[in-house]
Amino acid sequence: MTPATSLSADVVIVGGAVMGSSAAYHLLADSGFKGRVIVVEKDPTYQLSASALSAASIRQQYSSAVNIRISLHGIQFLRSIGDHLAVDGDRPEIGLREGGYLYCASDAGEQVLRENQALQAAEGADILFLQPDELKSRFPWLNVEDLAAGTWGRTGEGWFDGWGLLQAFRKKARSLGAEYVKGEVAEIERDGGAVTAVRLKDGTRIACGTLVNCAGSGGRAIAAMVGLDIPVQAKRRFVFTFACKEPVENCPLLIDTSGAYVRPEGEGHFICGASPEADMDQDWSDEDPGSQEIDHSFFEEFIWPSLAHRVPAFEAIRPGRAWSGPYDMCLLDHNAIIGQAGELKNFYLCNGFSGHGLQQAPAVGRGLAELIVHRGFRTLDLSELGYERVLANRPLLERNVI
């Protein structure tokens, strides 16, 4: 029998998609860190990861200041990604397009939109509050008959190649010395108030000084291995594509009053989706293909009619391919859980991003690195997103959830 492999690292990161790779990069780019980083990834193809399957966008239109600040940091990072993540002169390109988000509101939602925009502008985000006539002037193809207002990100919001961002972080982290190990965590060893090692299903043991949970849809299971029950559940989300012959010029990422969203994906092509009602919100499992099936009726009966009402040009379309993916929902408040896990002094959580992961990866990866290396946030204070609010059942409510 071949003896089991034994490794050790100063920091072990479980999950090598965009969050895990961002954390690895920021650790190794920090002049105060001189240790070894091992990233454990069960599927290096990332074919079932949210990083690869999401709509890949960034916005500042949140109702909480910390999320606005995270995305302001994120857009600056994405704009200069070639400077940050170049490897041997090869500068990554993620096709960032700052087309903006357009939130539409009826009479019932106008005041919330107005309050959110005031906070966003106070934080320095370039978000405009628009009356129906202003919306029609900017977006002539938009049906504004039942709208009271809209907010639009003039700059700093848009979409990009999420797969490209993941690969850029991963390539840069590896160039700085991060080691990626293919495997699935089966057990976490601990000694009192500290984690000491992880064991993989193939028998490999990796001793660690610090363990970071960036396991995406598997994050709750990893936390359970150390006795924590975090309120994170992987839900199923669909992305549908279609082509439209009639021009819809300068289309932003539009969020209808119904909750359906749509954005361009090349000339005359679009992607769209929506969050289902709570009683129809199905769980996702990496191991169960049935939980990954696509419900095309959701597009035909809800998304398409909603979007065709808002954009009459979408009444005549040609549906294209569709896919499903995991959406790691924080059941407490739709915000991520970031930082030290209670009394476990060397176990860090990075879970429950509720669809915000790609855009928040630059700031969160840096924040985790600062916590580990410097024992506190330096660039951006993310403490509002800490595990303490979970223990206290103190939600940080976010009113702008897609």
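Positions are given from 1 along the sequence.
Relative ring orientation between Y25 and F169 is described as tilted, the plane-to-plane angle lying within the 30° to 60° band. Classification of the H73-F77 ring pair by plane angle, with boundaries at 30° and 60°, yields parallel.
Under the side-chain contact (heavy atoms from CB on, under 4.5 Å) criterion, R91 pairs with D83, A86, not counting sequence neighbours. With sequence neighbours excluded, the residues forming a side chain to side chain donor-acceptor pair (under 3.5 Å) with R389 are D333, listed by chain and number. For R174, there are no salt bridge (Lys or Arg N to Asp or Glu O under 4.0 Å) partners two or more places apart in sequence or in a different chain. D288 meets the side-chain contact (heavy atoms from CB on, under 4.5 Å) test with S285, S291; sequence neighbours excluded. A search for side-chain contact (heavy atoms from CB on, under 4.5 Å) contacts involving A23 returns I13, L368, not counting sequence neighbours. Listed by chain and residue number, L27, D30, F33 satisfy the side-chain contact (heavy atoms from CB on, under 4.5 Å) test with V373 (two or more places apart in sequence, or in another chain).
Partner of F314 under the ring-ring contact (aromatic ring centres under 6.0 Å, His included) criterion, out of F270, W304, F240, F299: F270 alone.
Looking only at side-chain heavy atoms (C-beta outward), R237 and P276 come within less than 4.5 Å of each other.
Here R114 pairs with E110 in a salt bridge; the nearest charged N to carboxylate O distance falls below 4.0 Å.
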Next on the checklist: Could you go through F238 and H296, starting from their C-alpha distance and side-chain angles, then the distance that decides it, and tell me whether this counts as ring-ring contact (aromatic ring centres under 6.0 Å, His included)?
Outcome noted: CA-CA 9 Å; F238 308 120; H296 289 276; 8.2 Å; no

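For R79, the CZ atom sits in a packed shell: over 12 heavy atoms of surrounding residues, nucleotides or ligands are nearer than 6.0 Å. At most 12 heavy atoms of other shown residues, nucleotides or ligands fall within 6.0 angstrom of atom CG in N250.
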